[in-house]
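The chains referred to below are lettered A, B, ... by the order of the sequence lines, with proteins before strands, and numbering in each begins at 1.
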Number of protein chains: 2
Amino acid sequence: MFSIGELSKRTKVKVPTIRYYEEMGLLPEAERTTGNQRRYDKAGLERLSFIRHARDLGFSIEAISSLIKLQDHPDRSCEAATDIATSQLEEVRAKIKRLRTLEKELSRISKGCDGEGVAGDCYVLASLADHNLCDREH
Amino acid sequence: MFSIGELSKRTKVKVPTIRYYEEMGLLPEAERTTGNQRRYDKAGLERLSFIRHARDLGFSIEAISSLIKLQDHPDRSCEAATDIATSQLEEVRAKIKRLRTLEKELSRISKGCDGEGVAGDCYVLASLADHNLCDREH
DNA sequence: TCTTGAACCTCTAGTCACTAGAGAGATTAC
DNA sequence: GTAATCTCTCTAGTGACTAGAGGTTCAAGA
């Protein structure tokens, strides 16, 4: 059994974040010492690692909550899990697409001004003021 | 002179968002009718268009605030503007990079399970539980 | 001119996933 | 025993809005 600080070190999840996850129901309520401090074991460590990994991959707390429920019922169909992962993948792809458009636009705008003139003649400011100077929709 | 609703229609920025921008100091305090309703003119429209365009490109409220200050002083050097645009571009590129890694990982995980088995055997859940199943760092 | 209904006002609180800080109590090492 | 470090709960703040309550004003038609 180890403390919340120890769990934090091992998982690289900050202490207040661990408490937050508990409050959100992602982690079960931890056992306590007589002095009311949380104590964890291997199971707690594994669950928190799962959560952290899923968060790193961009899953929302809500999605993780669903995934955990599935984990706790290994006999149920895993269709929901693949659905969640697939829609997460779609979201990531959509974000990439959008960011690529922004990248092109920003890169074009940045190249338009070397930063040596005055604000009144700045192509960056002009581009932001006038959408018509843009190449494409965004 | 037109109302906040009209301004909203023309710029496609929602009414509460316009009020929020005013509160944040991005928009100057609007003129009011005797009945205390906001009225806008062409200048207000242009400034809000600027803000919306910059937001669409992912600039933060703070960054936009700096850009607006520059706009209001056309005699100052525009170095700050190009700096802001460049660092925004860098951020966007960093985000894309990170999302690409996630995309690869999620795609690999999703492919590992067709959703037809049970949760106990699900590769999606197993991958999330065990970082060692990952191809690369993320 | 009166009435109706849409648009407007302010204010508070909620969103997401944490993060920061206060003030008090617990644990651990020496 | 004492000092240093950890931990506890609670509240409030972050960014960029969004939602809703409860009340007021405006514009158009009768």
Closest to the 5' end of DNA chain D, once B:E62 and B:N36 are matched to their nearest nucleotides, is B:E62

One should read off an interatomic distance between B:H53 NE2 and A:S127 OG, to the nearest 0.5 angstrom, of 7.5 Å

Whole-Å distance, B:R39 CZ to D:dT25 P, equals 13 Å

On the ring face of B:F2, is B:R10 found with NZ or CZ under 6.0 Å from the centre and within 45° of the axis? yes

B:I64 atom CD1 is separated from D:dC17 atom P, nearest whole Å, by 8 Å

_N or O in side chain of A:R19 less than 4.0 angstrom from D:dC8 OP1/OP2_ = yes

Of B:R55 and B:T34, the one whose closest nucleotide on DNA chain D sits nearer the 5' end is B:R55

### Message
Check this one for me: any side-chain N or O of B:R32 less than 4.0 Å away from OP1 or OP2 of D:dT24?
### Response
no

Notebook entry, point to check: Between B:R108 and B:Y123, does any side-chain donor sit less than 3.5 Å from a side-chain acceptor?
Noted result: yes

B:E22 CD to D:dC17 P, in whole Å, measures 15 Å

B:Q37 atom CD is separated from C:dA7 atom C1', nearest whole Å, by 7 Å

To the nearest angstrom, the CD-P distance between A:E23 and C:dT19 comes to 14 Å

Rounded to whole Å, the CD1-P distance (B:I51 to D:dA16) equals 13 Å

Exercise. Has the side chain of B:S49 got a donor or acceptor atom that lies under 3.5 Å from a matching backbone atom of B:L45?
Worked result: yes

In whole angstroms, the gap separating P of C:dC16 from CE of A:M24 amounts to 10 Å

Any donor-acceptor pair under 3.5 Å from A:Q88 side chain to B:L106 backbone
no

To the nearest 0.5 Å, atom SG of A:C122 lies from atom CD of B:E79 at 11.0 Å

Query raised in the report: Using a cut-off of less than 4.0 Å, is there contact between a side-chain N or O of B:R38 and OP1 or OP2 of C:dC9?
Result: yes

Note: contacts of residues 1-18 of chain B with DNA chain D (heavy atom, under 4.0 Å) are B:K14, B:T17

Whether B:Y20 contacts D:dG15 is assessed here as follows: a side-chain N or O lying under 4.0 Å from the phosphate OP1 or OP2. Is that the case? no

- request: May I ask you to say whether A:R19 pairs ionically with A:E23, meaning some side-chain N is under 4.0 Å from a carboxylate O?
  value: no

Are A:Y21 and C:dC18 close enough that a side-chain N or O sits under 4.0 Å from OP1 or OP2? yes

note: B:I61, atom CD1; D:dA16, atom P; distance rounded to Å ~ 5 Å

**Asked** How would you label the contact of B:F59 with the nucleic acid (heavy atoms, under 4.0 Å): base, sugar-phosphate, or nothing?
**Response** nothing

